Q: 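This is the structure, below, for whatever I ask next.
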Protein chains: 2
Amino acid sequence: MKEAFISLDENRQYEILAAAMDEFAEHGFKRASTNRIVKRAGMSKGMLYYYFENKQTLFDDTLDFALDHIESHMLRDISTGTEGFIERCARLSHKKQVYFNQYPEIARFITSAYFSEELDTDQKKRRDHILKNRERIIFDNIDLGRFRDDIDHRTSMKLIAWTINGYTREMETMMETEGMAFDHFDEYFEQFDHYLAALRKLYYKEEYQ
Amino acid sequence: MKEAFISLDENRQYEILAAAMDEFAEHGFKRASTNRIVKRAGMSKGMLYYYFENKQTLFDDTLDFALDHIESHMLRDISTGTEGFIERCARLSHKKQVYFNQYPEIARFITSAYFSEELDTDQKKRRDHILKNRERIIFDNIDLGRFRDDIDHRTSMKLIAWTINGYTREMETMMETEGMAFDHFDEYFEQFDHYLAALRKLYYKEEYQ
DNA sequence: CGTGTTATTGACCACCCTGGTCAATTGTAT
DNA sequence: ATACAATTGACCAGGGTGGTCAATAACACG
């Protein structure tokens, strides 16, 4: 990441990084092609090496950017006071959904990095640290009193988390295959509320439904 | 697929096809390397072309084999009489789990083919036909009377399917990352029964729990 | 206008891997 | 000894790789 790149217009920076993220996400580091990256970004081969030292630092800088971005955009301000587990899952899920919709390149890139064996030790550490944080926060400050008592609370939480993940996964694939437009967005949230109401009826005591 | 391959020992045939499936699953048709396939299969380059015409027919024959295999091993005898939806999902999920565990190469290969744009029209048709069948059977002959009536039956079925998929997905990733041995298999089924009992308590009328 | 600086190009490099071939060798059964 | 099947891996032309660099284009300042 040379000064030439840093002094670039911010939007142009993002376009280039997005091209790199798309390519790295699809092929991994080793099989990613710098030729395809410059083609995607609409620039010449020379410019890439005017902006970055080499393929490795391009990848490192891109990963740094992506992790910074997801930390500051998705993981900031997700802590709250006490709430029900269903509400917690729904909130986090919604936040994730919005982020994935707004920055699909970053989301895909980080997802692929999650399974990658090509990261160095520091990068793996940072990636795992972020994921650990997310897992911790989901069970923090939950009002367990809302759960019906004839089912173990841990069991309820597992089942609810699986259910809501299933719903969001189905929506994701629907959006990917059909290319969901913004007018379906309301419909999506209506449906979501419908299912959440059902979940409350199933898992909560009557007074919390 | 020349006679030389057909007259081969069946196990050896499978080893070679498995090597091809691994490679195609990981890289898709175009980026798959015949050199890596022969290395995985432990044979020389020449033999591959002694057994198959070229890369394309190798892929076609491999896909044919895989689709035949999954049809006869996983999709045969999955129809039954009437049963509850939870029991249906659990049964199909279990069957899938067992198959994925026994033939992971085939499962991965077909999964990758599901998203592939590199198939020809006939191959896409056949692939979609198999998947359609599987989707149809899941809602056939379900005893809807078991569901509690204060929640819409379609809603219940959606929620249950997402939940059980979530569980099996978690088990799959656990097995992939930790390399689950057979001694954990019992534990896995115990847990599964535990969650199924909870689901029955949640979604069924009292007399069916 | 000239001059110096920065941005930008794409032809070019040596290298590696590709799908596929084939003459040569080994194994085997008669 | 002979015929035939199985098996090898060096080899091919072609294409893609990460990376370089001399040549320009664009622009700023005087």
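Everything quoted here is computed from the prediction, not taken from an experiment. Just so it is clear: chains get the letters A, B, ... in the order the sequence lines come, proteins before strands, and each one is counted from 1.
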Q: At a heavy-atom distance below 4.0 Å, what parts of residues 57-66 of chain B sit against DNA chain C?
A: none
Q: Distance to the ring centre below 6.0 angstrom and angle to the axis at most 45 degrees; does that hold for Lys45(B) and Tyr49(B)?
A: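 So Lys45(B) doesn't make the cation-pi contact.
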Q: Under the salt bridge (charged side-chain N to carboxylate O under 4.0 Å, His left out) test, which residues partner Asp22(A), sequence neighbours left out?
A: Arg108(A)
Q: For DNA chain C, which nucleotides open and close the run of contacts to chain B, 5' to 3', at under 4.0 angstrom from a non-hydrogen atom?
A: dT18(C) to dC22(C)
Q: Please tabulate, for the side chains in residues 112-122 of chain B, all donor-acceptor contacts under 3.5 angstrom to protein atoms that are two or more places apart in sequence or on a different chain.
A:
{"residue": "Ser112(B)", "atom": "OG", "partner": "Phe109(B)", "partner atom": "O", "Å": "2.9"}
{"residue": "Ser116(B)", "atom": "OG", "partner": "Glu118(B)", "partner atom": "N", "Å": "2.9"}
{"residue": "Glu118(B)", "atom": "OE1", "partner": "Phe29(B)", "partner atom": "N", "Å": "2.7"}
{"residue": "Glu118(B)", "atom": "OE2", "partner": "Lys30(B)", "partner atom": "N", "Å": "3.3"}
{"residue": "Asp120(B)", "atom": "OD1", "partner": "Asp122(B)", "partner atom": "N", "Å": "3.1"}
{"residue": "Asp120(B)", "atom": "OD1", "partner": "Gln123(B)", "partner atom": "N", "Å": "2.9"}

Q: Name each donor-acceptor pair under 3.5 Å that joins a side chain in residues 36-43 of chain B to protein atoms two or more places apart or in another chain, with its distance.
A:
{"residue": "Arg36(B)", "atom": "NE", "partner": "Glu23(B)", "partner atom": "OE1", "Å": "3.3"}
{"residue": "Arg36(B)", "atom": "NE", "partner": "Glu23(B)", "partner atom": "OE2", "Å": "2.8"}
{"residue": "Arg36(B)", "atom": "NH2", "partner": "Glu23(B)", "partner atom": "OE2", "Å": "2.8"}
{"residue": "Arg36(B)", "atom": "NH2", "partner": "Arg31(B)", "partner atom": "O", "Å": "3.4"}
{"residue": "Arg40(B)", "atom": "NE", "partner": "Glu23(B)", "partner atom": "OE1", "Å": "3.4"}
{"residue": "Arg40(B)", "atom": "NH2", "partner": "Glu23(B)", "partner atom": "OE1", "Å": "2.7"}
{"residue": "Arg40(B)", "atom": "NH2", "partner": "Glu26(B)", "partner atom": "OE1", "Å": "3.3"}

Q: Could you identify which residues of residues 24-54 of chain B place a heavy atom less than 4.0 Å from some atom of DNA chain C, listed by residue number, or say none?
A: Ala32(B), Ser33(B), Thr34(B), Asn35(B), Arg36(B), Lys45(B), Gly46(B), Tyr49(B), Asn54(B)
Q: Angle class for the His153(A)/Phe147(A) ring planes (parallel below 30°, perpendicular above 60°, tilted otherwise)?
A: tilted
Q: Supply the atom-to-atom distance Phe52(A) CZ to Met1(A) CE, rounded to the nearest 0.5 angstrom.
A: 5.0 Å
Q: Restricting to salt bridge (charged side-chain N to carboxylate O under 4.0 Å, His left out), what partner residues turn up for Asp143(A), sequence neighbours left out?
A: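 For Asp143(A) the salt bridge (charged side-chain N to carboxylate O under 4.0 Å, His left out) partners, ignoring immediate neighbours, are Arg146(A).
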Q: Got a sec, which residues hit salt bridge (charged side-chain N to carboxylate O under 4.0 Å, His left out) with Lys55(A), two or more places apart in sequence or on another chain?
A: none
Q: Assess whether salt bridge (Lys or Arg N to Asp or Glu O under 4.0 Å) is satisfied between Arg12(B) and Glu15(B), documenting all intermediate values.
A: CA-CA 5 Å; Arg12(B) 185 65 186 135; Glu15(B) 281 176 17; 2.6 Å; yes
Q: Quick one: list whatever passes side chain to side chain donor-acceptor pair (under 3.5 Å) with Tyr99(B), sequence neighbours left out.
A: His69(B)
Q: Quick one, which residues of residues 3-21 of chain A touch DNA chain C with a heavy atom under 4.0 Å?
A: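 None, since no heavy atom is under 4.0 Å.
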Q: Just to verify, what does Asp152(A) make a side chain to side chain donor-acceptor pair (under 3.5 Å) with, not counting sequence neighbours?
A: Thr155(A)
Q: So, using salt bridge (charged side-chain N to carboxylate O under 4.0 Å, His left out) as the criterion, who are the partners of Arg91(A) when residues are at least two apart?
A: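 Result, salt bridge (charged side-chain N to carboxylate O under 4.0 Å, His left out) vs Arg91(A): Glu83(A).
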